[in-house]
Amino acid sequence: MKKKLAFIMAAALTVSTLLSGCGNSANGGSTQEAADTEGVADDAASTTDDTTAADAQEAEAGAEANKPSGEKVVLKCVCDLTPHSEILGAARDALAAEGIELNFVSTTWDATWNDMLIDGEIDFAYFMHVPAMKSIEEEMGATLYSMGGIHVEPYTCFSYKYATKDDLPENAVIAIPNDASNAYRALKVLEAEGYLKLNPDITAANASVNEIEEYLIPIEIVEMDQANIIPSAADFDAYFVNANRALEAGIDTSFYLMREGEDSEYANIITVTEANKDNEYIKTLVKILQSDDIKNFITEHYNGAVIPAK
């Protein structure tokens, strides 16, 4: 009996131990293992999320750096209709690719253009050369800057009456502009062609018929506002004008009596004030206007009446 009872108790103890062991494995051990596994999974997921977010941010930053900004800047300007606005027009696509659009505030010159530039109503002007710019600075007490030369319009003498310079009669009446910078150019051409001798001290700031020291060939020079020369050109034996004004008037610029050489220093420039001398968009504009594409456009379209600036 005792042996039987002892056997029963031992068996019960064995079963209890086995059940206890299974319980620890199935409950305590598995729960801890699951918790550990879950923690590793959470850490892995967190690391993956962080890496994915970082990669996404880096990819986005890279895409943003290579993506066009989409920004567009509008530059306001004044310029002569011919050839200035045409040259700017030829650069339109290249400018657009750089995010630059032009607003032609005016293409018909008047005295307010200088005020518009100096007062900041426009971003740049494209109608003057350096001597004219310096004259405006002196006259208006302003500081202006040339951003670069674009083209030259050789100053030219035309005639409705005569085909060549040699056909001009003695005492021919020749009209020249009365503003100093253009009068200087006309008088220098006449001197180069042997008609007169100028005061060695003549400059683009003081030029006038008063600076003529001697007439070598008898001629009569009439000074007048440049805007009135072409409308009254038939009244003269010959007349000097800017090539752009001749082009605008439909004059065949291949028929002329005399003109400046291709080495003329009177390149038409992009002119700005202090506010825009460091403007990167205007620097880009000048770079495009001085490109081979625009030089070729000028050469092909104006038959020598307009030439690219050196």
Are side-chain heavy atoms of [X] and [Y] found at a separation under 4.5 Å?
X	Y	answer
Met258	Leu168	yes
Phe104	Ser85	yes
Glu98	Ile288	yes
Glu223	Val209	yes
Phe240	Cys157	yes
Leu285	Phe124	yes
Tyr266	Arg185	yes
Thr156	Val241	no

Discussion item. Is there a side-chain contact (heavy atoms from CB on, under 4.5 Å) between Ile118 and Met140? Walk through the geometry before answering.
Written reply: CA-CA 9 Å; Ile118 292 168; Met140 304 187 72; 3.5 Å; yes

Discussion item. For Leu102 and Leu95: C-alpha separation, side-chain torsions, deciding distance, then whether side-chain contact (heavy atoms from CB on, under 4.5 Å) applies.
Written reply: CA-CA 9 Å; Leu102 300 180; Leu95 291 170; 3.8 Å; yes

Practice prompt. Please indicate whether Lys161 has more than 12 foreign heavy atoms, meaning atoms of other residues, nucleotides or ligands, lying under 6.0 Å from its NZ.
Written response: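 Yes.
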
Item to complete: Report, as yes or no, whether the 6.0 Å neighbourhood of atom NZ on Lys283 holds more than 12 heavy atoms from other residues, nucleotides or ligands.
Response: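 Above 12, so yes.
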
Worksheet item: side-chain hydrogen bond (donor to acceptor under 3.5 Å, both in side chains): which pairs involve residues 285-299, sequence neighbours left out?
Response: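 Residue pairs with at least one partner in residues 285-299: there are none.
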
Hydrophobic cluster identity match, [X] and [Y], side-chain contacts under 4.5 Å:
X	Y	value
Val130	Ile202	no
Met147	Ile100	yes
Leu88	Val74	no
Phe127	Ile230	no
Ile270	Leu75	yes

Practice prompt. For the residue pair Tyr302 and Phe297, categorise the inter-ring angle as parallel (less than 30°), tilted (30 to 60°) or perpendicular (more than 60°).
Written response: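 Tyr302 vs Phe297 ring planes: perpendicular.
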
Does [Y] offer a backbone N or O that forms a donor-acceptor pair with the side chain of [X] under 3.5 Å?
X	Y	answer
Asn276	Asp123	yes
Glu191	Leu198	yes
Thr284	Glu280	yes

Side-chain donor-acceptor contact under 3.5 Å, [X] with [Y]:
X	Y	value
His84	Glu86	no
Asp166	Thr164	no
Ser232	Asp235	no
Asp179	Gln226	no

I need the [X] [atom1] to [Y] [atom2] distance, nearest 0.5 Å.
X	Y	atom1	atom2	result
Glu274	Asp278	CD	CG	7.5 Å
Ile212	Leu196	CD1	CG	5.0 Å
Lys72	Tyr281	NZ	OH	12.0 Å
Ile87	His301	CD1	NE2	10.5 Å
Asn268	His129	CG	NE2	7.0 Å
Thr143	Ile136	OG1	CD1	13.0 Å

By side-chain contact (heavy atoms from CB on, under 4.5 Å) - contacts of [X] (at least two apart):
X	answer
Pro200	Glu213
Val105	Lys76, Val78, Asn103, Met116, Ile122
Asn228	Met224, Asp225
Leu216	Glu214

Closest contact, heavy atoms only, [X] versus [Y]:
X	Y	result
Ile150	Ile298	O-CD1, 4.1 Å
Asp237	Asn171	OD2-O, 4.5 Å
Met128	Asn114	CE-OD1, 4.3 Å
Ile221	Leu187	CD1-CD2, 3.9 Å
Thr253	Leu247	CG2-CD2, 3.8 Å
Gly149	Ile269	CA-CG2, 3.9 Å

Item to complete: Would you please test Trp109 and Asp80 for side-chain contact (heavy atoms from CB on, under 4.5 Å) and show each step?
Response: CA-CA 7 Å; Trp109 188 89; Asp80 285 315; 4.0 Å; yes

Fill in: Residue pairs involving residues 175-222 (criterion ring pair (Phe, Tyr, Trp, His ring centres under 6.0 Å); sequence neighbours excluded)
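Those involving residues 175-222 do not exist here.
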
Worksheet entry | From CA spacing to verdict: side-chain contact (heavy atoms from CB on, under 4.5 Å), Val173, Val222 | CA-CA 7 Å; Val173 181; Val222 176; 3.8 Å; yes

Discussion item. Regarding Glu193 and Lys165, does a basic nitrogen lie under 4.0 Å from an acidic carboxylate oxygen?
Written reply: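 Looking at Glu193 and Lys165, the cut-off is met.
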
Practice prompt. List the steps and the verdict of salt bridge (Lys or Arg N to Asp or Glu O under 4.0 Å) for Glu248 and Arg245.
Written response: CA-CA 5 Å; Glu248 288 175 6; Arg245 293 184 181 275; 5.4 Å; no

